Amino acid sequence: RLGSSLPKALVPVTPSGDKTLLELQLEKIAAASYFNRTKIPCAILTSPENHREIAQFLKDHRFFDLHPTEVTLVTQNEAPFLDEQGNWIL
């Protein structure tokens with residue numbers, strides 16, 4: 001969808017192309033934790049298709065200065081918007 005096979009959170013978004021959306025968000029949380037002298041927990045929604053890749057990315061980058069216990073990955077279920085008869089599922 002974004003011209004990349006990567007999960008959206010891992011697509012480079014900075015003008016220089018060296019930081020991902022996920023990295024920018026976690027750096028903001030780490031900075032806020034530091035300046036406020038408190039831990040700020042973070043939940044990241046993943047899909048069954050990208051969960052492993054995002055988890056590995058976080059491990060490879062040492063959770064961008066957050067402690068691993070401060071970052072929770074949650075796999076969201078996938079559900080169709082329409083049932084088999086074409087009716088909306090709300």
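Only a predicted model underlies this, so the values are computations on that prediction, with no experimental measurement involved. Nothing fancy with the numbering, it's 1 onward along the sequence.
Going from atom CG of L58 over to atom CD of E53 covers 11.0 Å, rounded to the nearest 0.5 Å. One finds the SG atom of C42 at 11.5 Å from the CZ atom of F64 (value rounded to the nearest 0.5 Å). Rounding to the nearest 0.5 Å places CD of Q56 at 10.5 Å from NE2 of H61. Atom NE2 of H51 and atom OG1 of T46 lie 5.0 Å apart (nearest 0.5 Å). The distance from atom CD1 of I54 to atom CD of E49, rounded to the nearest 0.5 Å, is 11.0 Å.
If you run side-chain contact (heavy atoms from CB on, under 4.5 Å) between I44 and each of L22, T72, T75, only L22 comes through.
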task: Could you walk me through whether N50 and L10 pass the side-chain contact (heavy atoms from CB on, under 4.5 Å) test, one step at a time?
output: CA-CA 10 Å; N50 67 26; L10 305 185; over 6 Å; no
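Counting all heavy atoms, side chain and backbone alike, E23 lies closest to D18 at OE1-O, 3.8 Å. Between P12 and G17 the shortest heavy-atom distance is CB-O, 3.4 Å.
The salt bridge (charged side-chain N to carboxylate O under 4.0 Å, His left out) analysis of residues 57-68, with sequence neighbours excluded, yields no pairs.
Under the 4.5 Å side-chain heavy-atom criterion for Ile, Leu, Val, Met, Phe, Trp and Tyr, F57 and L73 are members of the same hydrophobic cluster. Residue V11 is not grouped with residue L21 when hydrophobic side chains (ILVMFWY) are merged at heavy-atom distances under 4.5 angstrom, including chains of intermediate members.
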Under 3.5 Å, side-chain donor or acceptor atoms of residues 29-41 against the rest of the protein: list the pairs with distances, not counting sequence neighbours.
from : atom 1 : to  : atom 2 : distance (Å)
S33  : OG     : I29 : O      : 3.0
S33  : OG     : T38 : O      : 3.4
S33  : OG     : I40 : N      : 3.3
N36  : ND2    : A32 : O      : 2.8

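For the pair E70 (side chain) and H67 (backbone), a donor-acceptor distance under 3.5 Å is present.
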